[in-house]
Amino acid sequence: MTATLHVLVPAEGLPTIPSRDHDYNPEWDYEVVAPSDADAATLAAVAAEIGRRLLPEMGFRDAVVFCVEDGSLGDPMARYVVGTSSCPMIAVDLEGVRDAALAGNGFEAELHATLAHELGHAYVDARVSDDTHDIYEVEEESAVEDFATDWARYRIVGTNLLDAFLDDAEIRDESAPAA
């Protein structure tokens, strides 16, 4: 399966994505901004690798990442838009990613980890039977963070970590598609 992580360019608007079965538009909730040329090049390279390797193994055909104003997400540096799992939509504050990268991982590695983390939330969202997974927020964050670390450090697609969370919390929708 081929997959694509689309990078939203504000001047061009949302691309047409056949696998997208929601009508969410990021501009409803966020001030979508264009990344700098340097950030756009890094984001494109990360998006290409995630689209080639991570998305297909997670069972996603497409996802969209869009940049937002610095600091507009509050504490997190990125946010998966809940309910968009057919084509995950991810807001990212590149300045927040850059600040986190100062801890030593580097901007590109931190961007990989950040996007994998949010895609982990999308994976869980696509496979839960209802919205009760919110009561397992701490456990979900732990599973998603472990998943993202495996991807960012080793390029391991450890959906088994996310599946274990779903099984332990007993919230898996048995009719949901497997990765």
Side-chain angles (χ1 to χ4, degrees), residues 1-9 15 17 19-20 35-68 73 76-82 84-128 133 136-169 172 176-179:
M1 171 172 71
T2 60
T4 305
L5 178 57
H6 303 270
V7 178
L8 177 61
V9 177
I17 302 170
S19 65
R20 187 174 147 220
S36 69
D37 289 344
D39 286 349
T42 303
L43 186 55
V46 169
E49 184 174 0
I50 287 175
R52 188 174 54 254
R53 297 211 31 235
L54 184 61
L55 290 180
E57 290 191 44
M58 294 181 79
F60 295 122
R61 294 183 60 126
D62 295 283
V64 174
V65 62
F66 56 94
C67 300
V68 298
L73 297 176
M77 57 190 132
R79 181 172 293 138
Y80 159 68
V81 178
V82 175
T84 64
S85 64
S86 66
C87 176
M89 307 289 277
I90 300 169
V92 64
D93 173 350
L94 291 177
E95 197 56 42
V97 174
R98 189 177 328 288
D99 289 347
L102 295 175
N105 292 330
F107 182 65
E108 187 171 330
E110 194 62 45
L111 192 54
H112 269 285
T114 299
L115 294 176
H117 180 103
E118 299 309 319
L119 287 166
H121 285 299
Y123 182 92
V124 169
D125 189 36
R127 287 160 180 79
V128 295
H133 74 284
Y136 298 100
E137 185 176 346
V138 171
E139 294 87 349
E140 181 177 340
E141 275 301 313
S142 178
V144 165
E145 191 59 30
D146 290 346
F147 168 79
T149 298
D150 281 355
W151 170 255
R153 288 189 183 159
Y154 313 111
R155 295 304 188 265
I156 294 171
V157 183
T159 54
N160 59 318
L161 297 167
L162 303 173
D163 290 329
F165 159 71
L166 290 165
D167 292 339
D168 290 347
R172 178 189 299 277

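Please read these numbers as outputs of a predicted model, since none were measured by experiment. Values reported hereafter were calculated over all heavy atoms of this structure, with side chains retained and with hydrogens, waters and symmetry mates removed.
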Checklist line | Under 3.5 Å: donor-acceptor pair, side chain of Ser85, backbone of Pro88 | finding: no
Next item on the list: Write out all pairs satisfying salt bridge (Lys or Arg N to Asp or Glu O under 4.0 Å) with one or both partners inside residues 59-68, taking only residues at least two apart or from two chains.
Entry: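 For residues 59-68: none.
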Next item on the list: Can you tell me which residue pairs pass the salt bridge (Lys or Arg N to Asp or Glu O under 4.0 Å) test with a partner in residues 105-119, sequence neighbours excluded?
Entry: none
So, using side chain to side chain contact (heavy atoms under 4.5 Å, CB included) as the criterion, who are the partners of [X] when residues are at least two apart?
{"X": "Ala91", "answer": "Tyr30, Phe66, Val68, Leu73"}
{"X": "Ser142", "answer": "Asp146"}
{"X": "Arg53", "answer": "Glu49, Trp151, Arg155"}
{"X": "Asp150", "answer": "Tyr154, Ile156, Leu161"}

Would you say that [X] contacts [Y] through its side chain, given a criterion of any heavy-atom pair below 4.5 Å between the two side chains?
{"X": "Leu102", "Y": "Arg98", "result": "no"}
{"X": "Phe147", "Y": "His117", "result": "no"}
{"X": "Pro56", "Y": "Thr2", "result": "no"}
{"X": "Leu43", "Y": "Leu115", "result": "yes"}

What is the minimum heavy-atom distance between [X] and [Y], and which atoms define it?
{"X": "Asp125", "Y": "Val128", "result": "O-CG2, 3.6 Å"}
{"X": "Gly96", "Y": "Met77", "result": "O-SD, 3.7 Å"}
{"X": "Asp39", "Y": "Pro35", "result": "CB-CB, 3.9 Å"}
{"X": "Val97", "Y": "Phe107", "result": "CG1-CE1, 3.7 Å"}

Check: To the nearest 0.5 Å, what is the distance between OG (Ser36) and CD (Glu95)?
Finding: 9.5 Å
Checklist line | Euclidean distance, Leu5 CG relative to Leu119 CG, rounded to 0.5 Å | finding: 7.0 Å
Check: Given the rule in the side-chain contact (heavy atoms from CB on, under 4.5 Å) test, do Val157 and Met58 qualify, once you have shown the distances and angles that lead to the verdict?
Finding: CA-CA 8 Å; Val157 183; Met58 294 181 79; 4.2 Å; yes
Note to self: Determine whether Ile90 and Arg79 satisfy the following criterion, side-chain contact (heavy atoms from CB on, under 4.5 Å), listing intermediate values before the conclusion.
What the structure shows: CA-CA 6 Å; Ile90 300 169; Arg79 181 172 293 138; over 6 Å; no
Next item on the list: I would like to know whether Val65 and Val46 meet side-chain contact (heavy atoms from CB on, under 4.5 Å); could you show each step before the answer?
Entry: CA-CA 11 Å; Val65 62; Val46 169; over 6 Å; no
Notebook entry, point to check: Under 3.5 Å, is there a donor-acceptor pair linking the side chains of Tyr136 and Asp168?
Noted result: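 Note: Tyr136 and Asp168 side chains miss the donor-acceptor criterion.
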Checklist line | Worked check of side-chain contact (heavy atoms from CB on, under 4.5 Å) between Phe165 and Val144 | finding: CA-CA 9 Å; Phe165 159 71; Val144 165; over 6 Å; no
